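Below is one structure, written out as structure tokens; the observations come after it.
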2 protein chains.
Amino acid sequence: MLSKKTRYAIKALVILGKNFGEAPMQIQKIASEEHIPKKFLEQILLDLRNAGLLYSKKGAGGGYGLVKDPAEIFVVQVLRLTGGPIALLPCVSLNFYQRCEECSNEATCGVRDVFLEVRNATLKILSETSIADVIRREGHLLDNLKV
Amino acid sequence: MLSKKTRYAIKALVILGKNFGEAPMQIQKIASEEHIPKKFLEQILLDLRNAGLLYSKKGAGGGYGLVKDPAEIFVVQVLRLTGGPIALLPCVSLNFYQRCEECSNEATCGVRDVFLEVRNATLKILSETSIADVIRREGHLLDNLKV
DNA sequence: ATAATGTATATAGATTTAGTAGACTTTATT
DNA sequence: AATAAAGTCTACTAAATCTATATACATTAT
């Protein structure tokens, strides 16, 4: 399961994606629109900024904005930045690999092999889906509801 | 990420799967072969037994065994029994559904839509893969190493 | 009778997560 | 220059969860 931190990060990027090209948006506004605790969101946005995804502007009229086009930011990046696990086993994680202590032979572990397949399937989706895609999906869902 | 409980449960079922049709196998033996803390494994096997996956036999010569053929036990069942999350968001979980508190409209949430796709991909693999398949995969991995 | 095994419940320690607090810095506006 | 509106940074705490251990008990084979 993703942490709330990761969930909030994605949602914040989506709302900032919708705002791309406009004036920066305030933490307070994002927090209240997405119902995210403000102080918690502050930390998250700071992380995303330090990772180079967001720019920030201090002082009155300040706020946050995306550094690049939402079509160039992929969901998988957000998971990795916020420490959200992609793999279901540490031994199949690309970026947070850890040996399973109990495992006698990783190379022949059938369990690992299954979860390698799962990880690949997950990774494919998340690395092909951009923030812009997420926004597009919202549009489609809305259209479908109206029909 | 799966809990160790889930990981150990799958590994225990795999070793019991290899032993299917033989005399029951002792907790102690499973624990030492798979390097799982014995007392922890006791609880896990008990859960799997109470869920109807294993039978047990007390006393000397006792132990645990699979109730049904390893080809009829699917990895997805084990995750569900041991509380391992399949979905990455609570709002896309079939068996442990929970609304995302912060979400204004689940029906049009693009983030949810993406993770619904991820869940479906994961679920497909895990519900098509049996304990027998895991054992088969180990065989293939071993063969490939030898070549 | 004894030893080998599983059953059941409680509890403790460690880790992680989620959220809060508070003091500080920068910038626009008046 | 003063003030208010923002973001920055670090520390802390509360709660939950996970992992593991302890202990007493029940059953069965020999």
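Below, chains carry the letters A, B, ... as their sequence lines are ordered, and counting in each starts from 1. Small disclaimer: the values here were computed from a predicted structure and weren't measured.
- When side chains are defined from C-beta on, A:Arg137 does not count as touching B:Cys109, because their heavy atoms never get closer than 4.5 Å.
- The nearest heavy atom of DNA chain C to B:Glu101 and to B:Gln28 marks one nucleotide each, and the one closer to the 5' end goes with B:Gln28.
- Taking atom CG of A:Leu2 as the reference point, atom P of C:dT16 lies 17 Å away to the nearest angstrom.
- Within residues 7-17 of chain A, the residues having any heavy atom under 4.0 Å from DNA chain C are, by residue number, A:Tyr8.
- If you measure from atom CG of A:Leu41 to atom P of D:dC9, you get 16 Å, rounded to the nearest angstrom.
- Side chains of A:Glu33 and B:Ser104 form no contact here, defined as non-hydrogen atoms less than 4.5 Å apart.
- When distances are taken from the side chain of B:Lys4 to each of D:dT8, D:dA20, C:dT7, the shortest belongs to D:dA20.
- Both key distances under 3.5 Å define a Watson-Crick or G-U pair, and stretches of 3 or more such consecutive pairs in DNA chain D run C:1-30 with D:1-30.
- For A:Ser56, no side-chain nitrogen or oxygen approaches OP1 or OP2 of D:dA6 to under 4.0 Å.
- Take B:Lys18 and apply the side chain to side chain contact (heavy atoms under 4.5 Å, CB included) test, not counting sequence neighbours, and it matches B:Val14, B:Ile135, B:Glu138.
- For B:Arg112 and B:Glu117, the salt-bridge test fails: no basic side-chain N is under 4.0 Å from an acidic carboxylate O.
- Look at B:Glu101 and A:Arg7 and you find no salt bridge, because none of the NZ, NE, NH1 or NH2 atoms lies under 4.0 Å from a carboxylate O.
- Transitive grouping of hydrophobic side chains (ILVMFWY, heavy atoms separated by less than 4.5 Å) brings A:Leu88 and B:Leu94 into a common cluster.
- As judged by a 4.0 angstrom heavy-atom cut-off over every strand, B:Ile27 is placed among residues touching the sugar-phosphate backbone only.
- When each of A:Phe40 and B:Gln26 is assigned the nucleotide of DNA chain C bearing its nearest heavy atom, the one mapping closer to the 5' terminus is B:Gln26.
- Nucleotide D:dT8 holds its P atom 8 Å from the CG atom of A:Asn50, rounded to whole Å.
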Atom pairs, protein N/O to nucleotides 21-25 of chain C N/O, distance under 3.5 Å:
unit_1 : atom_1 : unit_2  : atom_2 : d
C:dG22 : O6     : A:Lys39 : NZ     : 2.4

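- A:Ile86 and A:Leu89 fall into different hydrophobic clusters, where Ile, Leu, Val, Met, Phe, Trp and Tyr side chains are chained together by heavy-atom contacts under 4.5 Å.
- Remark: A:Pro70 engages A:Phe20, A:Leu66, A:Ile131, A:Ala132 in a side chain to side chain contact (heavy atoms under 4.5 Å, CB included) (not counting sequence neighbours).
- Remark: B:Arg49 is in phosphate contact with C:dT7, judged by side-chain N or O atoms under 4.0 Å from OP1 or OP2.
- The distance from atom CD1 of B:Ile36 to atom P of D:dA20 is 10 Å, rounded to the nearest whole Å.
- In this structure B:Arg80 satisfies the salt bridge (Lys or Arg N to Asp or Glu O under 4.0 Å) test with no other residue, sequence neighbours excluded.
- Counting heavy atoms from C-beta outward, B:Ile10 and B:Leu79 have side chains that approach closer than 4.5 Å.
- Aromatic rings from A:Tyr55 and A:Tyr64 are positioned such that their centres are separated by 6.0 Å or more.
- Distance CE (B:Met1) to P (D:dT17): 18 Å, rounded to an integer number of Å.
- Rounded to whole Å, the distance from CD1 on B:Ile44 to C1' on D:dC18 is 11 Å.
- Residues B:Glu128 and B:Val76 have side chains not in contact (no heavy-atom distance under 4.5 Å, counting atoms from C-beta outward).
- Atom-to-atom, NZ of A:Lys5 to P of C:dT17 comes out at 9 Å; the value is rounded to the nearest Å.
- In this structure, NZ of B:Lys38 is placed 9 Å from C1' of C:dG6, rounded to the nearest angstrom.
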